[in-house]
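For clarity, every value in this text was computed on a predicted model and none was experimentally measured. Below, chain A is the first sequence line, B the second, and so on; all start at residue 1.
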Number of protein chains: 2
Amino acid sequence: MARRYDHTRDEIRQMAITAGTLLIETSGFAKFSARRVAKEIGYSVGTLYNVFENYDELILRINAQTLTEIIEKMQKVLLHAQSPQKMLAQVSDLYINFAIDHFNRWSCLYEYRSVHQKVLPDWYLIKVNQLFKIIESILMMGLCKKQENAEQSAKVIWASVHGICQLSLSGRIDIVGRAADKINMLVGNFVDHYTAGLAQNA
Amino acid sequence: MARRYDHTRDEIRQMAITAGTLLIETSGFAKFSARRVAKEIGYSVGTLYNVFENYDELILRINAQTLTEIIEKMQKVLLHAQSPQKMLAQVSDLYINFAIDHFNRWSCLYEYRSVHQKVLPDWYLIKVNQLFKIIESILMMGLCKKQENAEQSAKVIWASVHGICQLSLSGRIDIVGRAADKINMLVGNFVDHYTAGLAQNA
DNA sequence: TTTTTTAATTGAACACTGTTCAATTGTATG
DNA sequence: CATACAATTGAACAGTGTTCAATTAAAAAA
């Protein structure tokens, strides 16, 4: 068939992203493929390639949605102000628990390295930056005075929390007991000492 | 042909690891394949699968050698004692520069997620732990008194340095200027504040 | 020396992958 | 009703990891 007008271009895109998200969530990235997504939404592979530039874009769009979910959760923490240290702990805790609860999707954020583009597209980097901005705004609530310091520390904090999360969940840091507890302990150790150092410097 | 005895099982393994390492180093993981490695060492794919359990093992063996190289470089830092802070900075600097100079091999350490085994094999984890032990021993030179504190902080420090390195080199932290300088600045920020917090606590 | 046994080595075959693009087909216009 | 148009298809291509019957060179036995 052709020009079915059952769905617009954008609708098909959204259907693919939704179906792909579900596929990764349940079966993991290893079982993910363009053909599978196509079958899931009732279109052929060809249609998928009309609507997405390539495989990379499909994955990045799925990842962008995952990021959006994480960011939305984290932004809620900003609503009721507390000490910066407590807010950092809360935000980290959210990230860790998302990574555990949606392990497959979270893995996909970092697992796939594009073959075509060496650099991440702007629309994706905007999402990433939103995450850093959240940390930045928390730091400006007392831990940092200059904006440039907050920017740098936000990068350091986020990279550290992510690093602890990644090495833990990929089994490179031996964690005995409940994963969430153990990772939280390491992140707690980091936040405590790092913010203590920050406060001392300010 | 059969039973050529040109090379022993172990020799073929080593040839494959060496050839695979070179292939990843020069062309990146995307262009890497079992068939390519086989052709490179003058054997068929079948032989590769006689000598390695599967594709995963081949990659992990290559990764283990990459880790060995990194560890050997880092162990040299331990030879001339200095302040723990300076030694941590040196060790981090080594890691960052290895990641930049051998980007493809370094990426491969974290890029590939095994389809077969969920858990990394013991012989690989031993290598990973050697890295943590180096940090631990540095921490025990004054920054930590109890072994258990050193163990936990070593994990935090290593995960943080790695996280900064990964997010930077994957283009998720915008780094203007020379990559090595910018990453070093972030790692410096981390080491300074974290160790200040540690020292304060001790 | 010749035959038999043994095991190292091969490569075609299988089911899959991302990607392309001529052919098809449902819709809208002249 | 014929024509033009574009959305949709799926076979085709070159590649992947993996398997395993068939081949073949070396060692052992006759």
By side-chain contact (heavy atoms from CB on, under 4.5 Å), B:Glu53 pairs with (sequence neighbours left out) B:Glu57
Would you say the side chain of B:Arg35 and the base of D:dG17 hold a donor-acceptor pair, judged only by whether the two atoms sit under 3.5 Å apart?
-> yes
Quick one: label A:Ser33 by what it contacts on the DNA or RNA (base, sugar-phosphate, nothing), any heavy atom closer than 4.0 Å.
-> sugar-phosphate
For atom CZ of B:Phe29 and atom C1' of D:dT16, their distance in whole Å = 11 Å
Take the protein atom CG of B:Leu23 and the nucleotide atom P of D:dT16, then report the distance between them rounded to whole Å.
-> 11 Å
Distance below 4.0 Å between B:His116 side-chain N/O and D:dG17 OP1 or OP2 = no
For A:Ile59 and C:dT17, give me the distance from atom CD1 to atom P, rounded to whole Å.
-> 13 Å
Phosphate OP1/OP2 of D:dT8: any A:Thr47 side-chain N/O under 4.0 Å | no
Atom CG of B:Asp6 and atom P of C:dA7 are separated, to the nearest Å, by 19 Å
Bend angle of the helix from C:dT1-D:dA30 to C:dA28-D:dT3, from helix axes over five pairs at each end, nearest 10° = 30°
Return yes when atom CG of A:Asp122 has more than 12 non-hydrogen atoms of other residues, nucleotides or ligands closer than 6.0 Å, and no otherwise.
-> no
In whole angstroms, how far is the P atom of C:dA8 from the CG atom of B:Asp10?
-> 13 Å
Return yes when atom CE of B:Met15 has more than 12 non-hydrogen atoms of other residues, nucleotides or ligands closer than 6.0 Å, and no otherwise.
-> yes
In terms of the angle between their ring planes, are B:His102 and B:Phe98 parallel, tilted or perpendicular, with boundaries placed at 30° and 60°?
-> tilted
Taking the nucleotide of DNA chain C with the closest heavy atom to each, which residue, A:Gly46 or A:Phe32, is nearer the 5' end?
-> A:Phe32
Enclosure of B:Met140 CE (heavy-atom neighbours >12, cutoff 6.0 Å) = yes
Interatomic distance where CZ belongs to B:Phe52 and P belongs to D:dT18 [whole Å] | 13 Å
Look at the side chain of B:Arg36 and the base of D:dT16, then say whether one donor and one acceptor between them are separated by less than 3.5 Å.
-> no
Starting at CG of B:Asn54 and ending at C1' of D:dT16, how long is that distance when rounded to a whole Å?
-> 14 Å
Partner set under side-chain contact (heavy atoms from CB on, under 4.5 Å) for A:Thr21, not counting sequence neighbours = A:Ile17, A:Ile62, A:Gln65, A:Arg105
Describe the nucleic acid contact of A:Ile12 in one word from base, sugar-phosphate, nothing, applying a heavy-atom distance below 4.0 Å.
-> sugar-phosphate
Hey, does B:Tyr55 reach any base, or is it just sugar-phosphate, or nothing, if we go heavy atoms under 4.0 Å?
-> sugar-phosphate
With respect to the side chain of B:Asn50, which nucleotide from C:dT9, D:dT8, C:dT20 is positioned closest?
-> C:dT9
Return the value, rounded to whole Å, for the distance between atom NZ of B:Lys39 and atom P of D:dG17.
-> 14 Å
Over all heavy atoms of both residues, which pair between B:Ser92 and B:Val187 is shortest? Give the atoms and the distance, please.
-> CB-CG1, 3.6 Å
